[in-house]
Number of protein chains: 2
Amino acid sequence: MGHNNMSTRAEQLASDIADAILAGVFAPGARLDEQGLADRYGVSRTPVREALRLLGHTGLVEIRPRRGATVAEMTAERVDEMFVAMGEIEATCARLCALGMTPIDRRRLEALHERMGQMVKKRNEPDYAEANIAFHSAIYAGTHNSLLIEIATSLRRRLSPFRRAQFRAPGRLALSHAEHDGVVKAILRGDAAEAHCAMLRHVNLVENAYEQVSATATRRPRRATK
Amino acid sequence: MGHNNMSTRAEQLASDIADAILAGVFAPGARLDEQGLADRYGVSRTPVREALRLLGHTGLVEIRPRRGATVAEMTAERVDEMFVAMGEIEATCARLCALGMTPIDRRRLEALHERMGQMVKKRNEPDYAEANIAFHSAIYAGTHNSLLIEIATSLRRRLSPFRRAQFRAPGRLALSHAEHDGVVKAILRGDAAEAHCAMLRHVNLVENAYEQVSATATRRPRRATK
DNA sequence: ATCGGCGATATTGCATACAATTTCCCGGGA
DNA sequence: TCCCGGGAAATTGTATGCAATATCGCCGAT
């Protein structure tokens, strides 16, 4: 998943263990005992401990003092909550973009949006998926608020396992771009309220299109957020 | 600062070191070497390391791999960013309260707000300050979103050192309550947009009333957010 | 005099050993 | 049968020792 430095063994381990969890090697709720992981990865307990703490902060594992670490159980309710929070954060970012994006920011966002339009015409799903990440990152960056950028980026990573197959359905590509269009237009014209609203609609639709990976309970429809 | 369990030495240390930093024992930018802290607090390097990682996640110290830990330098810009983020998060919480608070939640919020009105009449600043925390916590809880609750609570803790002397000025108590009134009324009537807006105004005023503790550069006025 | 390489020193990262706490199992009693 | 207490085993928390890397100062060259 390599966006990390991997400079220390603990970080490598954290990444490896995270991959293993997402790959289903360690089931949700499973106990992660330090010695076992140390043996498995051929290191001592010390870096394993650090890795587990790191993962504890990302929410992937739950750590209770003196009672060990377990793979965090992602209930449907919990995933719901994360999507709601993500939506609100992204909407907030869009709002701040409308209020404070520099002219350069705006031109870049517009150019990216334009390019994504071409991809839609060519039905180029892989490139669009990649550009989509860049698009949302640009919205985060447009806030010029490193804390919000950090929160949004981290949340996005945490939710990535639940975002499979977004653009596979036939009309999804064009629909996504149309929603983006509403967001971009509102931002460019400095309409904070509409930017917020448009982004919220966008991410809620994304959410409704997701399918859960873990075999937990089926989801019920959520209330509309106005 | 005791909201922690203090069950392990690392947690105690994290709390102690945090207090020391906030008390100015360790100046911003100062190096925090593990052995030195271990000697100082009479423990070994291991729990010190864990404590430093914990503090790294709260933002109080900066950790660079193989290059040690230093007390995070809180520039005026950084504090600004944190207040902006806090404002947006709280406004979002208020919005979600307006949309999804249960009748019980609403009654409790109203009752608390009412009690705070009494405190204003009696000029009871200490109780009001305490109730104010409960008020904002109630807004977080009203989202019924544990992730947002966690984010908001953690941010509030991080900002607490920069929130000294909020209610000392003569009119502040009544003013705060009046702003709360706008928020509460909007929430109770289910007006999401107005709840968002009112809360944003409220926290922005709080921000403008803060005085920075660390002796960094003087602040400039920030742009209006609408 | 300044800059750049090189070696000593200090500090972090990792491994191992020990202590403290929890967990689990088993036996006894109601 | 179920509940409860006690003790052994397992696991986490802490201390210490060793290895790897960064930092700092010295010396020589330009």
Side-chain angles (χ1 to χ4, degrees), chain A residues 1-21 25-73, chain B residues 1-21 25-73:
Chain A
M1 299 280 238
H3 60 85
N4 291 327
N5 286 339
M6 306 296 194
S7 73
T8 118
R9 256 158 249 219
E11 291 175 48
Q12 288 183 42
L13 274 173
S15 180
D16 290 350
I17 295 174
D19 288 349
I21 290 174
V25 178
F26 303 114
R31 188 172 177 72
L32 296 170
D33 80 294
E34 299 175 355
Q35 191 59 55
L37 290 171
D39 296 344
R40 182 180 234 272
Y41 290 98
V43 294
S44 84
R45 275 180 53 216
T46 310
V48 170
R49 268 180 80 82
E50 270 191 32
L52 288 177
R53 304 305 158 110
L54 287 174
L55 294 174
H57 279 283
T58 72
L60 247 186
V61 315
E62 186 179 2
I63 297 182
R64 290 170 307 175
R66 299 189 184 280
R67 306 186 76 187
T70 56
V71 178
E73 311 202 42
Chain B
M1 294 283 229
H3 61 86
N4 290 329
N5 285 339
M6 304 297 195
S7 72
T8 119
R9 258 162 249 231
E11 289 175 50
Q12 288 182 42
L13 274 173
S15 180
D16 291 350
I17 295 173
D19 288 348
I21 290 174
V25 178
F26 304 114
R31 190 175 176 69
L32 296 171
D33 80 294
E34 299 174 355
Q35 191 59 55
L37 290 172
D39 295 345
R40 183 182 236 270
Y41 291 99
V43 295
S44 83
R45 276 179 53 217
T46 311
V48 171
R49 271 180 77 83
E50 269 192 32
L52 288 177
R53 306 304 159 110
L54 285 175
L55 294 174
H57 280 284
T58 72
L60 247 186
V61 315
E62 185 180 0
I63 297 182
R64 290 169 307 175
R66 302 191 180 278
R67 304 185 75 186
T70 58
V71 179
E73 312 201 42

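A note on names: the letters A, B, ... follow the listed sequences, proteins ahead of strands, and every chain is numbered from 1. Excluded from the calculations below are hydrogen atoms, water molecules and symmetry mates; all remaining heavy atoms, backbone and side chain alike, are included.
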S.K.: Using the side-chain heavy atoms of B:Thr46, tell me which of these nucleotides is nearest: D:dT16, C:dG13, D:dT12.
M.R.: D:dT16
S.K.: Just how far, in rounded Å, is C1' of C:dG13 from OH of A:Tyr41?
M.R.: 20 Å
S.K.: Tell me the interatomic distance from A:Glu34, atom CD, to C:dC14, atom P, rounded to whole angstroms.
M.R.: 15 Å
S.K.: A:Arg66 and B:Ser7: which non-hydrogen atoms are nearest, and at how many Å?
M.R.: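 The answer is NH2-O, 4.0 Å.
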S.K.: Answer yes or no: does a side-chain N or O of A:Arg31 lie under 4.0 Å from OP1 or OP2 of D:dT12?
M.R.: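 True: A:Arg31 side-chain N/O within range (under 4.0 Å) of D:dT12 OP1/OP2.
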S.K.: In whole angstroms, how far is the P atom of D:dA15 from the CG atom of B:Leu37?
M.R.: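 So the two atoms are 14 Å apart, to the nearest Å.
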S.K.: Does a side-chain N or O of A:Arg53 approach OP1 or OP2 of D:dG13 to a distance below 4.0 Å, or not?
M.R.: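 For A:Arg53, the contact criterion (side-chain N or O under 4.0 Å from OP1 or OP2 of D:dG13) is met.
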S.K.: Any side-chain heavy atom of B:His57 sitting closer than 4.5 Å to one from A:Leu54?
M.R.: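 Yes. Closest side-chain heavy atoms under 4.5 Å.
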S.K.: Measure from the side chain of A:Pro47, starting at C-beta and using heavy atoms only, and say which of C:dG13, C:dC14, C:dT11 lies closest.
M.R.: C:dC14
S.K.: Below 4.0 angstrom from OP1 or OP2 of C:dT11, is there any side-chain N or O of B:Arg66?
M.R.: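 It does not, given that no N or O in the side chain of B:Arg66 lies less than 4.0 Å from OP1 or OP2 of C:dT11.
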S.K.: D:dT11 C1' sits how many Å from A:Asp39 CG, rounded?
M.R.: 13 Å
S.K.: Just the rounded figure in Å: distance from P of C:dA15 to CZ of A:Arg49.
M.R.: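 Distance check: A:Arg49 CZ to C:dA15 P gives 14 Å.
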S.K.: So which one's nearest nucleotide on DNA chain C is more toward 5', A:Val43 or B:Gly68?
M.R.: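 Closer to the 5' end of DNA chain C: B:Gly68.
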S.K.: Is any side-chain N or O of B:Arg67 closer than 4.0 Å to OP1 or OP2 of C:dT12?
M.R.: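 No, no such contact exists.
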S.K.: Atom CZ of A:Arg45 and atom P of C:dA19: how far apart are they, to the nearest Å?
M.R.: 14 Å
S.K.: Where do A:Val25 and A:Arg40 land on the side chain to side chain contact (heavy atoms under 4.5 Å, CB included) test, with the steps shown first?
M.R.: CA-CA 12 Å; A:Val25 178; A:Arg40 182 180 234 272; 3.4 Å; yes
S.K.: Compare every heavy atom of A:Ala51 with every heavy atom of A:Leu13, then report the nearest pair and how far apart it is.
M.R.: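 Heavy atoms of A:Leu13 and A:Ala51 come nearest at CB-CB, 3.7 Å.
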S.K.: Could you tell me whether A:Arg9 contacts a base, only the sugar-phosphate backbone, or nothing, with contacts defined as non-hydrogen atoms closer than 4.0 Å?
M.R.: sugar-phosphate
S.K.: Would you indicate, yes or no, if C:dC14 has its OP1 or OP2 atom less than 4.0 angstrom from a side-chain nitrogen or oxygen of A:Thr8?
M.R.: yes
S.K.: Mind calculating the distance between CD (B:Glu50) and C1' (D:dT12) to the nearest angstrom?
M.R.: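 Atom CD in B:Glu50 sits about 10 Å away from atom C1' in D:dT12.
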S.K.: If I take atom CD in residue A:Gln35 and atom P in nucleotide D:dT12, what distance separates them, rounded to the nearest angstrom?
M.R.: 9 Å
S.K.: If every non-hydrogen atom of B:Leu52 is compared with every non-hydrogen atom of B:Ala69, which pair is closest and at what distance?
M.R.: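 Scanning both residues completely, I find the closest heavy atoms to be CD1-CB, 4.1 Å.
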S.K.: Whether A:Ser44 contacts C:dA15 is assessed here as follows: a side-chain N or O lying under 4.0 Å from the phosphate OP1 or OP2. Is that the case?
M.R.: yes
